[in-house]
Amino acid sequence: MQGEKHMLRVHKRIDVTTAAPKLGDGIEMAVTLTLPDPSAMPDRPVAIFACPGGGYSRHYFMMRFEGHEGYDEAEWQARHGLIHVAIDHVGVGESSIPDLSSIDFQTMAATHDACVRQVAASLRDGTAAEGFPGLPSLFLVGMGQSMGGGVSILTQGRFATFDAIAPFGVSAIHTALPQRDKAAFEHGMRRFDKVASGEVTSHLDHDHEGVDYVYPFHWEDVPADILEEDMKGGYPIRQTAPIFGSLTIPHCAVRMMLPGVFAEDAARVAVPVLVGDGERDTCPEPYREPSAYSTSRDVSLFIVPRMAHMHNFASTRAILWQRLNDWSRMVAAAEDGLH
């Protein structure tokens, strides 16, 4: 545990073996809790359970760069009164890395649900960190970036884990990577024909030729040294990875780019939803997104200017962090008003 003024940061490993028996024994997920000063928390305490995109680890939410300030979202949320829990999926970052081809959507959802429920139970009963109070009325927000947003949709649709979800940088209709012109975009879309037919089952076998990843991922004002730190090891197949990156991605993640892949799960989501996108992002028609959550009575859309797909690198990142914080407090308070 590391203390920084009144903020606590706690690293844990959560055993989720029983949620995915086919993966074998000793399956664990790495999590980092960033805890606020209890006096700064709202009347209805809120925990954001954040999971990263493909090729990234949970440290994406805790980035630090020499000579630059303000890239640690978890710290920002804690200093603004919310609990932040960053999670590596099974097969990602510092979590257990089983056979990546054995991880399917159900496995990702089941292990994520099991991890969140255990961490939430420790926060509610006061065992999450020494000296941190129990929070029996804790409100759970499932937030995910890109692939992590897809996992949040899958988990909520299948297990109703959260009180609200915030899928960022992912489409519940058809996730698509923006390109610099129409011809390049159409080339990128055609690559997924082999994924749909089953010929390609992993990003490792996928054709990345002719696809620009810098343009969709990073706005032009991202500092050059930060861009280099993210891209120098290769992407999406990393040969080396910074701490906020992951050398591994579950093979099934490539299917998240197919049309309608999240449709059934999104339609089962009955809790409030905040769809968050950058001005240049992977939702081709963002204003259609609320229609995918046809069971929810509370769906919001927020688009951030001068932000590309990897939101936390953007100069405008704090705008999105503030909206997530405000929205989470609002929907938590609104639920209290219904009871």
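Numbers for residues simply follow the sequence, beginning at 1.
- By the 30° and 60° cut-offs, the orientation of the rings of H80 relative to W76 is parallel.
- In this structure, V151 and M256 approach most closely via the heavy-atom pair CG2-CE, 4.1 Å.
- Between A86 and M62 the shortest heavy-atom distance is CB-CE, 4.1 Å.
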Original post:
Between D298 and S296, is a side-chain hydrogen bond (donor to acceptor under 3.5 Å, both in side chains) present by the stated rule, with each step listed?
Top reply: CA-CA 6 Å; D298 185 346; S296 174; over 6 Å; no
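- Comment: E94 does not engage R13 in a salt bridge, judged by the lack of any side-chain N to carboxylate O separation of less than 4.0 angstrom.
- The nearest pair of heavy atoms linking T161 to L140 is O-CD1, 3.8 Å.
- More than 12 non-hydrogen atoms from other residues, nucleotides or ligands lie less than 6.0 angstrom from CG of D221.
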**OP:** Show your working on side-chain contact (heavy atoms from CB on, under 4.5 Å) between Y71 and R317 and close with a plain yes or no.
**Re:** CA-CA 8 Å; Y71 283 86; R317 59 194 173 276; 3.3 Å; yes
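- Going from atom CG of L320 over to atom CD of Q322 covers 10.5 Å, rounded to the nearest 0.5 Å.
- The pair D265-R268 counts as a salt bridge, with a side-chain nitrogen and a carboxylate oxygen less than 4.0 angstrom apart.
- Transitive grouping of hydrophobic side chains (ILVMFWY, heavy atoms separated by less than 4.5 Å) keeps F159 and I165 in distinct clusters.
- Remark: P242 engages E229, R238, F244 in a side-chain contact (heavy atoms from CB on, under 4.5 Å) (not counting sequence neighbours).
- Counting heavy atoms from C-beta outward, L324 and F168 have side chains that approach closer than 4.5 Å.
- The line from CD of E28 to OG1 of T111 is 13.0 Å long, rounded to the nearest 0.5 Å.
- Aromatic ring pairs are classed by plane angle as parallel below 30°, tilted from 30° to 60° and perpendicular above 60°; the pair F162 and F49 is tilted.
- Between K232 and Q239 the shortest side-chain heavy-atom distance does not fall below 4.5 Å.
- At least one side-chain heavy atom of I87 sits under 4.5 Å from a side-chain heavy atom of C115.
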**OP:** Under the side-chain hydrogen bond (donor to acceptor under 3.5 Å, both in side chains) rule, what do D225 and H68 come out as? Steps first, then yes or no, please.
**Re:** CA-CA 10 Å; D225 57 332; H68 302 278; 2.9 Å; yes
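- Side-chain contact between V16 and V90 is present, with at least one heavy-atom pair separated by less than 4.5 Å.
- In this structure, L301 CG and D277 CG are separated by 6.5 Å, a value rounded to the nearest 0.5 Å.
- Below 30°, between 30° and 60°, or above 60°: for H218 and F313 the angle between ring planes is above 60°, a perpendicular geometry.
- A salt bridge does not link R158 to E264: none of the charged nitrogens lies less than 4.0 Å from a carboxylate oxygen.
- Side chain to side chain, E73 and N312 meet the donor-acceptor criterion of an N or O pair below 3.5 Å.
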**OP:** Could you check H89 against S95 for side-chain contact (heavy atoms from CB on, under 4.5 Å), going step by step and ending with a plain yes or no?
**Re:** CA-CA 7 Å; H89 317 294; S95 289; over 6 Å; no
**OP:** Determine, stepwise, if the pair L100 / I249 fulfils side-chain contact (heavy atoms from CB on, under 4.5 Å).
**Re:** CA-CA 7 Å; L100 295 172; I249 304 173; over 6 Å; no
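- With respect to R64 and E75, a salt bridge is recorded, a charged nitrogen being found less than 4.0 Å from a carboxylate O.
- Side-chain atoms of H112 never come within 3.5 Å of backbone atoms of S152 as a donor-acceptor pair (strictly under, hydrogens ignored).
- There is no path of hydrophobic side-chain contacts, each under 4.5 Å, that joins I173 to Y287.
- Classification of R9 and D72 as a salt-bridged pair holds, one side-chain N sitting under 4.0 Å from a carboxylate O.
- Between D99 and K22, no side-chain nitrogen of the basic residue sits less than 4.0 Å from a carboxylate oxygen of the acidic one, so the salt-bridge criterion is not met.
- The two atoms that bring P216 and A308 nearest to each other are O-CB, 3.3 Å, heavy atoms only.
- Remark: D25 CG is loosely packed, at most 12 non-hydrogen atoms of other residues, nucleotides or ligands lying under 6.0 Å away.
- Among all heavy-atom pairs drawn from G54 and M147, the shortest one is N-CB, 3.4 Å.
- In this structure the side chain of Y56 never reaches within 4.5 angstrom of the side chain of S246, judged on heavy atoms.
- Between T316 and V304 the shortest side-chain heavy-atom distance falls below 4.5 Å.
- Geometric assessment of R323 against the ring of F302 yields a positive cation-pi assignment under the 6.0 Å and 45° thresholds.
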**OP:** Begin from the C-alpha positions of M41 and L82 and carry the test side-chain contact (heavy atoms from CB on, under 4.5 Å) through to its verdict.
**Re:** CA-CA 6 Å; M41 292 189 295; L82 300 193; over 6 Å; no
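- Annotation for L247: atom CG counts as buried by contact number, over 12 foreign heavy atoms lying within 6.0 Å.
- At least one side-chain heavy atom of Q77 sits less than 4.5 Å from a side-chain heavy atom of W321.
- At least one side-chain heavy atom of I83 sits less than 4.5 Å from a side-chain heavy atom of L123.
- Residues E289 and S171 come closest through the heavy atom pair OE2-OG, 2.6 Å.
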